[in-house]
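This structure is a prediction, so every number in the text was calculated from the model and none was measured.
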Amino acid sequence: VMDQAAWNTLHGRFVMESSQEGMPLSRLRGHVEPIFALIGLVFLLYDHVNALLVLQTVVVALGALPLYWLAREATTTGQQRGFPAAFGVAAALAYLLYPPLEAANLTEFHPVALAPTFFLFAFYYLWRRAYWRYGLFALLAMSCKEDMSLLVVMLGVYGLVSAWRAGPGPARRAALGWGAVSVAVGVAWFVACIYLIVPAFSASGSYPLFQRYAE
């Protein structure tokens, strides 16, 4: 299913797959995953389904980097500079050895498995107030699945709260602005996916998980 969606997207048929119903259907009938536009590029290097598994493993592992940077920098003060690298290593190892993360990586391929890495990069750059880089990774996180936009909403809430730590002036205004935009964009994209995009492709005319979890 995922191989077909990625391969077809690369060849101009956005997220089309046919394994489940025996006929060409769009994955947009159940999920909104624009990240397939980038995932499909891996077939330019190696045109085989295993390329997706390698890609997923590499991207998931890269999530250790922002955790290492964050733990190292957040615990570095004054004359202690350089010593707290141990905290960074501990945070990175805790992430890489986390059983649910490893299970997600070992269970087939799913675009949403890439989201933790993008989310961690986004959080790190938000913490560093590198807002354009934050925006890039926030968009990548949202592109992994429709409900990942709710994580971006919470990043925006964090940005709004942390604005008071920035002190008055341009730094606070930037934090407030990016926080507000994150909340607005996250909510808008979530609503658009759930109530507009998926219903337009779904046979039932609504978001299918509403029926799956109706009880």
Please check if Val183 and Leu150 belong to a single hydrophobic cluster, counting links between Ile, Leu, Val, Met, Phe, Trp and Tyr side chain heavy atoms closer than 4.5 Å. yes
Less than 4.5 Å apart, side chain to side chain, heavy atoms only: is that true for Val152 and Phe119? no
From Gln4, Glu33, Glu17, residue fulfilling side-chain hydrogen bond (donor to acceptor under 3.5 Å, both in side chains) relative to Arg27: Glu33
For residues 208-215, tabulate all N or O donor-acceptor pairs below 3.5 Å that involve a side-chain atom, not counting sequence neighbours.
residue : atom : partner : partner atom : Å
Gln211  : NE2  : Ser206  : OG           : 2.9

Leu106 with Val49, same ILVMFWY side-chain cluster at under 4.5 Å: no
To check you understand the geometry: which heavy-atom pair defines the closest contact between Ala91 and Ala71, and what is its length? CB-CB, 3.7 Å
Do the non-hydrogen side-chain atoms of Asn8 and Phe36 ever get within less than 4.5 Å of each other? no
Name all residues meeting the side-chain contact (heavy atoms from CB on, under 4.5 Å) criterion together with Ala141; count only those two or more places apart in sequence or in a different chain, and write none if there are none. Phe118
Looking at every non-hydrogen atom in both residues, tell me the closest pair between Leu28 and Val32 and how far apart they are. CD2-CA, 4.0 Å
Are Leu96 and Val60 connected in a single hydrophobic cluster, I mean Ile/Leu/Val/Met/Phe/Trp/Tyr linked by side-chain heavy atoms less than 4.5 Å apart? yes
Are Met16 and Val198 in one and the same hydrophobic cluster, where Ile, Leu, Val, Met, Phe, Trp and Tyr link if side-chain heavy atoms are under 4.5 Å apart? no
Non-neighbouring partners of Ser26 that pass side-chain hydrogen bond (donor to acceptor under 3.5 Å, both in side chains), sequence neighbours left out: none
Using a 3.5 Å distance criterion without hydrogens, assess whether the side chain of His48 forms a donor-acceptor pair with backbone atoms of Asn50. yes
Run the side-chain donor-acceptor check on residues 125-132: report pairs under 3.5 Å with partners two or more places apart or on a different chain.
residue : atom : partner : partner atom : Å
Arg128  : NH1  : Glu73   : OE1          : 3.1
Arg128  : NH1  : Tyr124  : OH           : 2.9

For Leu65, what residues pass the side-chain contact (heavy atoms from CB on, under 4.5 Å) criterion, not counting sequence neighbours? Leu62, Trp69, Phe121
Looking at residues at least two apart in the chain, or sitting in another chain, which of them share a side-chain contact (heavy atoms from CB on, under 4.5 Å) with Leu45? none
side-chain contact (heavy atoms from CB on, under 4.5 Å) assessment of Val89 paired with Leu93: CA-CA 6 Å; Val89 172; Leu93 286 176; 3.9 Å; yes
For Val185, what residues pass the side-chain contact (heavy atoms from CB on, under 4.5 Å) criterion, not counting sequence neighbours? Met142, Val181
For the CG atom of Leu10 and the CG atom of Leu44, what is their distance to the nearest 0.5 Å? 5.0 Å
Can you name the closest pair of heavy atoms from Tyr95 and Ala64 and give their distance? CE2-N, 3.5 Å
Tell me every residue that passes ring-ring contact (aromatic ring centres under 6.0 Å, His included) with Tyr158, counting only those two or more places apart in sequence or in another chain. Phe123
Is the backbone of Pro199 close enough, under 3.5 Å, to the side chain of Ser202 for a donor and an acceptor to pair up by distance? no
Asn105 and Gln56: side chain donor to acceptor below 3.5 Å: yes
Test side-chain contact (heavy atoms from CB on, under 4.5 Å) on Leu25 and Phe201 and set out the steps. CA-CA 9 Å; Leu25 292 170; Phe201 290 87; over 6 Å; no
Value for SG (Cys144) from CD1 (Ile35), rounded to nearest 0.5 Å, stands at 5.0 Å
Between Ile39 and Phe109, does a side-chain contact (heavy atoms from CB on, under 4.5 Å) hold up when you go through it step by step? CA-CA 11 Å; Ile39 292 172; Phe109 172 87; 3.7 Å; yes
For Trp189, enumerate each residue passing the side-chain hydrogen bond (donor to acceptor under 3.5 Å, both in side chains) test, keeping only those at least two apart in sequence or located in another chain. none
If a pair satisfies side chain to side chain donor-acceptor pair (under 3.5 Å) and one of its residues is in residues 171-184, list it, with sequence neighbours excluded. Tyr134-Ser182
Taking all non-hydrogen atoms of both residues into account, name the closest pair between Gly88 and Tyr68 and its distance. C-CD1, 3.1 Å
Under the rule for side-chain hydrogen bond (donor to acceptor under 3.5 Å, both in side chains), what residues qualify as partners of Asp47, not counting sequence neighbours? Trp7
Testing Thr117, Leu38, Val59 one by one against Leu140 for a side chain to side chain contact (heavy atoms under 4.5 Å, CB included), which residue passes? Leu38
Could you report the tightest heavy-atom contact between Ala122 and Ala138, atom names first, then the distance? CB-N, 3.9 Å
With a 4.5 Å heavy-atom cut-off, do Cys193 and Tyr195 have their side chains touching? no
Roughly how far apart are His31 NE2 and Asp147 CG, rounded to 0.5 Å? 8.5 Å
side-chain hydrogen bond (donor to acceptor under 3.5 Å, both in side chains) partners for Tyr207, two or more places apart: Glu146
Cluster overlap Leu55 with Leu41, hydrophobic side-chain contacts below 4.5 Å: yes
